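Read the structure below first, then the notes.
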Amino acid sequence: MCHQCQRNDKSGVVFCTACNRKRYCYECIAKWYPEKTRDDFRSACPFCLGNCNCKACLRENLVVKNDCDDLDASVKLKGLKYLLYKSLPVLRQIYKEQSAELEIESQLQGVRVTDMEVTRIKVDPHERLYCDNCHTSIVNYYRSCQNPACAYDLCLTCCQELRNGGQPGGDVAGTSRQQFIERSNSRASNGKAKSKTIVRDEVENKLLPSKNANNLTSPDFPHWGANADGSIPCPPKERGGCGGTGLHLRRNFKANWVMKLIGGAEEITRDYELPNMDISQRCSLCTPSRSVSKLSLGLRQAASLENGHGHDNFLYCPDAMELTADGIEHFQRHWIRGEPVIVRNVLDKTSGLSWEPMVMWRAFRETGAKRKLKEETRNVRALDCLDWCEVEINIHQFFTGYLEGRMHKNGWPEMLKLKDWPSSTIFEERLPRHGAEFVAALPFHEYTNPKAGLLNLATKLPEVLLKPDLGPKTYIAYGYPEELGRGDSVTKLHCDMSDAVNVLTHTAKVKNPSWQVSMVEELRKRPKDLDKLCTSDDICSKSKWRTLKRERDQDVEYRLRLENGDLAKQDCLNVEEKDVEAKNTEKLNCEPPTSEYMNQETLSARKELVQAEASSSKLEEDNDIEHGADNSELPFCGDKVHAVSSPAAEDSSDANGPKLENDCVAGRNETQKQQLHNGRDSLEILGPSKNGTSNSFENAKNSTAIDGGAIWDIFRRQDVPKLIEYLKKHKKEFFHTNNLPVNSIVHPIHDQTLFLNDKHKKQLKKEYNVEPWTFEQFLGEAVFIPAGCPHQVRNRQSCIKVALDFVSPENVEECVRLTDEFRMLPKDHRAKEDKLEVKKMTLYAVSSAVRDAKSLLPHHN
């Protein structure tokens, strides 16, 4: 019996000589492992290698070995001292803030600080305590209203701003002030006045922009400020409080906990000194000599700055298979400078589990169907990169478009992207095998291990606490080799609050037909015609939702007719005639069909989708034995563009689903192998030219092969002020929601509404001498992005990326600075909420590190 499909009626099986137990049939080998030969199975089967993707194996929960467990005690102690040394400034800042508040409270009570009693509040460990004014996480001390019906909480930073006569929370007060005035104006005009608030049908940037919010005045707007003695009253009802009694000081932890942590950390790090390095100069380990090339040093050119500003033009880019035990020190030399790091060939460290989208969907269905996630296994909500509106689409359709492409009715490529799928906050529960595979692939486990990383502050939080969602998360997106200018598959410019590592686990090259490439070129020459793609009646309105829903309804209708035997024979003949006609059309290379979604044009395509939905439903009722071929899970041929070339591509489908073309599937995997090889050996593949543009951009049009999957632009922290100035100056040259010009921004980076194309990057360098690190991410490469570095990504191929956030000791101060920066954003801003709680995280990390270091000290001595 075949281990994969649990059937014994296939044409033949291959016995594994390694285990002498498992066997795989010829059909499953060709269907699910197209890159392997029968001899490979005979030598060692996927079960022995740990990368079997059968139903039973996909359910298994694997434990990934933590490399930190094998570290020597002296190495662990050195790492803990490093963490404490870098975290001490944050602790001192927390202690300074609460000491100032305690001093004011002692004056209000008329007693010494040491004799003062502050009520301790027990907070539910599964809840987060936020300031009701600025929505920032409350760490320890705060002020709260004693009125049980109010319970207004105010953080120490807002308290200090009130005493200084400012608006607590910055733009927060201005936003609430504007909303109050609008309500007043509305009441004054008997509700006839129109609201000035702009409401946008947007997913990635949910905010209410306000113009000159801080300058708005109204005699009816209630004043709120600190009293002369420093006490703070509860804000009036219009500001969210009760306007009653004053706010009293409260605390969450022991009164002297922070002071003890500082004392313990200082004692352990008393004799510790950081490695001597000049971060303003190039890394000494990366300085090439005449006999040593940049290739052997693991460097990749990513910028071309001159006149003394180009000491970091080359990024550290080691090979994962060549990293040694002391490789972490070289990584730290670049990481402490705030530089990105690229690690090649990380997937070579793993068992080789397939990241094919159909395999991932299959794994998700196996876990999801039993967790009451039936709807999510059928439909997903994706972002259309042309208008940045959500569309609901059948997941099988989405993955088919991922492999074969989709387009709009005028031939313009349709770029969809799926963020954070599956949507659960726990990736391992939905895709346990892939989650374990991803963690095993990550280099530098001291930083990246999500559960036990020695230098990952996020791992030090107690199990009982509600933890931030740091991943892993998947990002699945379509891609196009050239920069389109409109509707590109991009992640727009933004800045993460924490560090992150992003691994490209899968790519698929969509073969665009020649007529579509020509049509795209013609449309790019006519911007006015391109603007018609995004009229309110075409894409941006709910009609797009209805279109996709109507297509699914038609598929369901067909399924019912098929099950009831009502499908007329003539209908099948009509489908066959259409397929033959379409095939002839493809051969003649005549004008393309005019339908909006080509894979929905013929009835055979509907059969394919119905088969997928029926298989999903059947899976919820079946046992673990695979009774028949699940055609909805067949890998699709990467060289046949079913969705964009013509309906002729559908002639390979029948009532049982699409036929498999093993040579095409194997060819796609061989291409991926070649991409992996290119990523391993190429260092200056996307090295910018002298004029500041990437050679890859100029050669993309004439290139017949795409090496990388995505192009990254990562900006230096020190360039952020100039970058913001440029974006504010040129904001109206960008397009976002409904493909309309960006006329209003709150923060040009944190809004995540702008993307700098090649033209803007040239202009930015010309005006401000600012150039990002620009490089191409290849299959199997991990990109490390430091906190505080704005970055953007454009996909050149269909890509599956998996990302994980972490908090490193080098960047914990930057995380705190970003928290303070996000705090000043309006209440409805997409980046407003303090989900990281980095100050609280630092307290627990230092507490854990002090405890662990003390346990190692006697052994170390």
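FYI, the numbering just counts along the sequence from 1. Computed from heavy atoms alone, side chains included, the values below leave out hydrogens, waters and symmetry copies. This is a predicted model, so every value here is computed, not measured.
With sequence neighbours excluded, no residue forms a side-chain hydrogen bond (donor to acceptor under 3.5 Å, both in side chains) with W773. F398 is linked by a ring pair (Phe, Tyr, Trp, His ring centres under 6.0 Å) to Y478, counting only residues two or more places apart in sequence or in another chain. Under the salt bridge (Lys or Arg N to Asp or Glu O under 4.0 Å) criterion, K835 pairs with no residue, sequence neighbours left out. In this structure K78 satisfies the salt bridge (Lys or Arg N to Asp or Glu O under 4.0 Å) test together with E329, sequence neighbours excluded. Checked against ring pair (Phe, Tyr, Trp, His ring centres under 6.0 Å), Y402 has the following partners two or more places apart in sequence or in another chain: H506.
To the nearest 0.5 Å, atom CD1 of residue I342 and atom CG of residue N502 are 11.5 Å apart. With rounding to the nearest 0.5 Å, the separation of CG in N795 from CD in Q777 is 9.0 Å. For the atom pair L49 CG and C16 SG, the distance stands at 8.0 Å (nearest 0.5 Å). From D852, atom CG reaches atom CG of L80 across 6.0 Å, with rounding to the nearest 0.5 Å. From N8, atom CG reaches atom SG of C2 across 10.0 Å, with rounding to the nearest 0.5 Å. The CG atom of L504 sits 5.5 Å away from the CG atom of L779 when rounded to the nearest 0.5 Å.
Heavy atoms only, all atoms of each residue included: H445 and V439 are closest at NE2-O, 2.9 Å. Closest heavy-atom contact between L58 and V359: CD1-O, 4.5 Å. Looking at every heavy atom in both residues, Q752 comes nearest to T491 through NE2-CG2, 3.8 Å. Counting all heavy atoms, side chain and backbone alike, G338 lies closest to C789 at O-SG, 3.7 Å. Among all heavy-atom pairs drawn from G471 and L804, the shortest one is C-CD1, 3.8 Å. Taking all atoms of both residues into account, the shortest heavy-atom contact from K492 to Q792 is C-CB, 4.1 Å.
Between the side chain of N811 and the main chain of E814, no donor-acceptor pair closer than 3.5 Å is present. Listed for the R362 side chain is a donor-acceptor partner under 3.5 Å among the backbone atoms of N53. Although no hydrogens or angles enter the test, the distance criterion places a donor-acceptor pair under 3.5 Å between the side chain of N51 and the main chain of S351. A donor-acceptor contact shorter than 3.5 Å links the side chain of D499 to the backbone of A787. Side chain of R344 to backbone of G780: no donor-acceptor contact under 3.5 angstrom is found. Between the E437 side chain and the G352 main chain, a donor and an acceptor come within less than 3.5 Å of each other. The main-chain N or O of C57 is found under 3.5 Å from a side-chain atom of R433 such that the two form a donor-acceptor pair. Between the D40 side chain and the T37 main chain, a donor and an acceptor come within less than 3.5 Å of each other. At distances below 3.5 Å, at least one donor-acceptor pair connects side-chain atoms of T448 with backbone N or O atoms of F444. Judged by distance alone, the side chain of N394 and the main-chain N or O of H396 form a donor-acceptor pair under 3.5 Å.
Geometrically, R38 engages Y26 in a cation-pi contact, judged by NZ or CZ lying under 6.0 Å from the ring centre and within 45° of the ring axis.
The aromatic rings of Y316 and H334 sit parallel, their planes meeting at an angle under 30°, below the 60° perpendicular limit. In this pair, W712 and F775 present their aromatic rings parallel. The plane angle is below 30°, not in the 30 to 60° band. The aromatic rings of F806 and F784 stand perpendicular to each other, their planes meeting at an angle above 60°, with 30° marking the opposite boundary.
A 4.5 Å side-chain heavy-atom check between H434 and L353 finds at least one atom pair inside the cut-off. Two residues are said to be in side-chain contact when any heavy atoms from C-beta on lie closer than 4.5 Å; V501 and V783 fail this criterion. A heavy-atom distance below 4.5 Å is not found between the side chains of P472 and P450. Between S798 and T507 the shortest side-chain heavy-atom distance does not fall below 4.5 Å.
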- Decide yes or no on side-chain contact (heavy atoms from CB on, under 4.5 Å) for H3 and R21, but give the supporting numbers first. CA-CA 9 Å; H3 174 75; R21 292 189 300 118; over 6 Å; no

- For the pair Y33 and Q4, evaluate side chain to side chain donor-acceptor pair (under 3.5 Å) and give the outcome as yes or no after the intermediate values. CA-CA 11 Å; Y33 309 92; Q4 183 84 19; 2.8 Å; yes

- Task: Quick one: do W361 and I395 satisfy side-chain contact (heavy atoms from CB on, under 4.5 Å)? Show the steps, please.
- Result: CA-CA 8 Å; W361 180 37; I395 194 168; 3.3 Å; yes

- Task: Dump the intermediate steps for side-chain contact (heavy atoms from CB on, under 4.5 Å) on V503 and V343, then the final yes or no.
- Result: CA-CA 9 Å; V503 179; V343 183; over 6 Å; no

- Item | Intermediate values then yes/no, side-chain contact (heavy atoms from CB on, under 4.5 Å), W335 and R333 | CA-CA 6 Å; W335 194 243; R333 284 174 175 262; over 6 Å; no

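Looking at Y447 and Q332, their side chains do bring a donor and an acceptor atom within 3.5 Å of each other. In summary, the side chains of Y82 and E446 do not present any donor paired with an acceptor at a separation below 3.5 Å, with no hydrogens or angles considered.
Under a 4.0 Å N-O distance rule, the pair K801/E781 does not qualify as a salt bridge. The pair D469-K473 meets the salt-bridge criterion, with a side-chain N (NZ, NE, NH1 or NH2) lying under 4.0 Å from an Asp/Glu carboxylate O. By the 4.0 Å N-to-carboxylate-O rule, K511 lies too far from E404 to be salt-bridged with it.
Aromatic pair Y24/F15: centroids not less than 6.0 angstrom apart.
Among residue pairs with one or both ends in residues 452-468, those qualifying as side chain to side chain donor-acceptor pair (under 3.5 Å) are E463-K467; sequence neighbours excluded.
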